[in-house]
Trainee: 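Sending over a structure as structure tokens; questions will come in a sec.
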Amino acid sequence: MHFKSVTALLATAAVGINAQERSTGLLGDAKVVTSNPVGVMYEAVLPETAFTKGSAYADGGNAKGVVSAVAGPDGTGVVFKVKFSNLPKEGGPFKYHLHVAPVPADGNCTATLAHLDPFLRGETPGCNSSAPATCEVGDLSGKYGEVKSDPFEATYTDLFASTQEGLGAFFGNRSLVFHYANKTRISCANFVRKHAPNNTADCTTTSGYNKPTPTPSGTASATGGINPSKTTSPPQYTAGAATVGVGMVGFMAAAAAALL
Ligand SMILES: *[C@@H]1O[C@H](CO)[C@@H](O)[C@H](O)[C@H]1NC(C)=O
Ligand SMILES: *[C@@H]1O[C@H](CO)[C@@H](O)[C@H](O)[C@H]1NC(C)=O
Ligand SMILES: *[C@@H]1O[C@H](CO)[C@@H](O)[C@H](O)[C@H]1NC(C)=O
Ligand SMILES: *[C@@H]1O[C@H](CO)[C@@H](O)[C@H](O)[C@H]1NC(C)=O
């Protein structure tokens, strides 16, 4: 609506003062998102073959990488689980970001364009990880740390990226890009909507959270959590009976909001 034309104007202004460095967005700090749909999960998995083969993957292959994301328990923020391995021996520490455009069918990582940056901050100066609201929303390694080990694993909650369709910070229709320290793009993958963790409402159909089907409480497993074969110690995803209740309240609230 109006927001789009305002954004376009501000984007034009941003080009004008490009040389000037800001330490937060032209539209201010990133906003905390509290409306992420509970039970909706997105996952990006790097493909078998690297986009930039370089010397690391000259004979084929790629870094392995999986980034999954679900709403925080009450819909506030997004819990990211990040795993990378089989990394190049040189060229690190590696960076990874949410990029604004999806990867086309030909796998061209350049076509994912820039970082997800709805508050129009730009890449420079670099992210101050002590003040994540001032960083580009998509700059995950800037906010939570670069990839300095192989294998690498991290779990954290980001308050600014969103799994709520319609918001500028929504990344479910966008991509993950894995970079060398010099920003060369090693590989990229699209986020794909997955089956929800079984402890929360399953919203995997496109109209899922518009027509809530009460989930019998018996379907929530005792341990909760997402597919145990794909995860190690996921306390953030684990919901005992107590948090299932909270999850359902959040789910019903989201469903109610969606009907407005
Ligand atoms: C970036 O670093 C990688 C690994 O060291 C190297 O293969 C690549 O050529 C570099 N890219 C540029 C643009 O310098
Ligand atoms: C990859 O995408 C970029 C940006 O859209 C484009 O300039 C480039 O030509 C594409 N490369 C190939 C091989 O299609
Ligand atoms: C980073 O953010 C912290 C917290 O707001 C602040 O104290 C510090 O001065 C910032 N550092 C830089 C280099 O701006
Ligand atoms: C992704 O979704 C956001 C929010 O709904 C929308 O503004 C954006 O245009 C979409 N991007 C693509 C590439 O579909």
Side-chain angles (χ1 to χ4, degrees), residues 21-25 29-33 36 41-46 50-52 54 56 62-73 76-100 109 112 114-119 121-163 169 171-172 174-189 191 226 230-238:
E21 293 200 336
R22 287 183 304 274
S23 54
T24 190
D29 286 0
K31 291 197 169 47
V32 173
V33 179
N36 294 314
M41 177 175 178
Y42 287 92
E43 187 176 73
V45 180
L46 295 180
F51 171 66
T52 300
N62 191 11
K64 284 189 191 304
V66 180
V67 172
S68 67
V70 294
T76 298
V78 171
V79 180
F80 283 93
K81 290 179 72 75
V82 177
K83 291 185 185 184
F84 291 109
S85 61
N86 195 39
L87 304 177
K89 299 285 177 270
E90 292 173 2
F94 305 95
K95 302 170 194 274
Y96 62 101
H97 314 115
L98 307 174
H99 277 239
V100 71
C109 294
T112 64
H115 303 165
L116 177 59
D117 184 20
F119 296 91
R121 178 196 190 276
E123 276 187 44
T124 51
C127 165
N128 177 351
S129 60
S130 301
T134 68
C135 299
E136 293 175 294
V137 168
D139 188 2
L140 296 181
S141 57
K143 290 187 273 188
Y144 307 106
E146 295 174 332
V147 176
K148 294 178 172 166
S149 66
D150 185 358
F152 172 87
E153 288 193 25
T155 299
Y156 49 81
T157 300
D158 180 85
L159 297 175
F160 314 103
S162 180
T163 53
F171 61 89
R174 309 187 198 266
S175 57
L176 170 80
V177 179
F178 188 62
H179 302 253
Y180 285 109
N182 64 15
K183 298 187 189 172
T184 292
R185 299 171 186 210
I186 300 171
S187 188
C188 57
F191 280 92
I226 58 174
K230 295 186 93 179
T231 176
T232 53
S233 63
Q236 291 78 1
Y237 289 6
T238 303

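Remember, it's a predicted structure, so these values are computed and weren't measured experimentally.
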Trainee: Does the side chain of Arg185 come under 3.5 Å of the side chain of Thr112 through a donor N or O and an acceptor N or O?
Mentor: yes

Trainee: Output a table of donor-acceptor pairs, distance under 3.5 Å, between side-chain atoms of residues 175-182 and any protein atom two or more places apart or on a different chain; print 'none' if there are none.
Mentor:
residue: Ser175; atom: OG; partner: Ala101; partner atom: O; Å: 2.6
residue: His179; atom: ND1; partner: Lys183; partner atom: O; Å: 2.9
residue: His179; atom: NE2; partner: His97; partner atom: ND1; Å: 3.0
residue: His179; atom: NE2; partner: His99; partner atom: NE2; Å: 3.2
residue: Asn182; atom: OD1; partner: Thr184; partner atom: N; Å: 3.0
residue: Asn182; atom: OD1; partner: Thr184; partner atom: OG1; Å: 3.2

Trainee: Stepwise, does the ring pair (Phe, Tyr, Trp, His ring centres under 6.0 Å) test hold for Phe171 with Phe80?
Mentor: CA-CA 12 Å; Phe171 61 89; Phe80 283 93; 5.5 Å; yes

Trainee: Could you check whether any side-chain heavy atom of Val70 comes within less than 4.5 Å of a side-chain heavy atom of Thr163, counting everything from C-beta outward?
Mentor: no

Trainee: Show the nearest heavy-atom pair for residues Val45 and Ala189, with the distance to one decimal.
Mentor: O-CB, 3.1 Å

Trainee: I'd like to know whether Ser141 forms a side-chain contact (heavy atoms from CB on, under 4.5 Å) with Asp139, so could you lay out the CA-CA distance, the side-chain angles of the two residues, the decisive distance to 0.1 Å, and finally the verdict.
Mentor: CA-CA 6 Å; Ser141 57; Asp139 188 2; 4.0 Å; yes

Trainee: Start with the C-alpha distance between Asp150 and Phe84, add both sets of side-chain angles, then the distance that settles side-chain contact (heavy atoms from CB on, under 4.5 Å), and finish with yes or no.
Mentor: CA-CA 7 Å; Asp150 185 358; Phe84 291 109; over 6 Å; no

Trainee: Quick one: OG on Ser129 to NZ on Lys143, what's the gap to the nearest 0.5 Å?
Mentor: 11.0 Å

Trainee: Are the aromatic rings of Tyr96 and Tyr144 close, with centres under 6.0 Å apart?
Mentor: no

Trainee: Please round to the nearest 0.5 Å and tell me the distance separating atom OG1 of Thr24 and atom CZ of Arg121.
Mentor: 7.0 Å

Trainee: Compare every heavy atom of Ser187 with every heavy atom of Leu46, then report the nearest pair and how far apart it is.
Mentor: CD2-OG, 3.7 Å

Trainee: Could you state the interatomic distance from CG (Leu87) to NZ (Lys64), rounded to the nearest 0.5 Å?
Mentor: 11.5 Å

Trainee: If you apply the rule side-chain contact (heavy atoms from CB on, under 4.5 Å), what do you find for Phe191 with Val67, and how did you get there?
Mentor: CA-CA 9 Å; Phe191 280 92; Val67 172; 4.2 Å; yes

Trainee: How far does CD of Glu153 sit from NZ of Lys83, to the nearest 0.5 angstrom?
Mentor: 4.5 Å

Trainee: Taking side-chain contact (heavy atoms from CB on, under 4.5 Å) as the definition, give me every residue that meets it alongside Ala30, ordered by chain and number, with sequence neighbours left out.
Mentor: Phe119, Val137, Phe160

Trainee: If the condition is side-chain contact (heavy atoms from CB on, under 4.5 Å), which residues does Ala131 pass it with, not counting sequence neighbours?
Mentor: Asn128, Thr134

Trainee: To check you understand the geometry: which heavy-atom pair defines the closest contact between Ser149 and Pro151, and what is its length?
Mentor: OG-O, 2.9 Å

Trainee: OG1 of Thr155 to NZ of Lys81: how many Å apart, nearest 0.5 Å?
Mentor: 3.5 Å

Trainee: Does the side chain of Asn36 pick up a donor-acceptor pair with the side chain of Ser162 at under 3.5 Å?
Mentor: yes

Trainee: Apply side-chain contact (heavy atoms from CB on, under 4.5 Å) to the pair Ile186 and Phe51, showing each step before the final yes or no.
Mentor: CA-CA 6 Å; Ile186 300 171; Phe51 171 66; over 6 Å; no

Trainee: For Ala69 and Val78, which heavy atoms make the closest approach, and how far apart are they?
Mentor: CB-CG1, 3.5 Å

Trainee: How long is the gap from CZ on Arg174 to SG on Cys188, to the nearest 0.5 Å?
Mentor: 15.5 Å

Trainee: How far apart are the C-alpha atoms of Lys95 and Glu146, what are their side-chain angles, what is the distance that settles it, and do they pass the salt bridge (charged side-chain N to carboxylate O under 4.0 Å, His left out) test?
Mentor: CA-CA 5 Å; Lys95 302 170 194 274; Glu146 295 174 332; 3.2 Å; yes

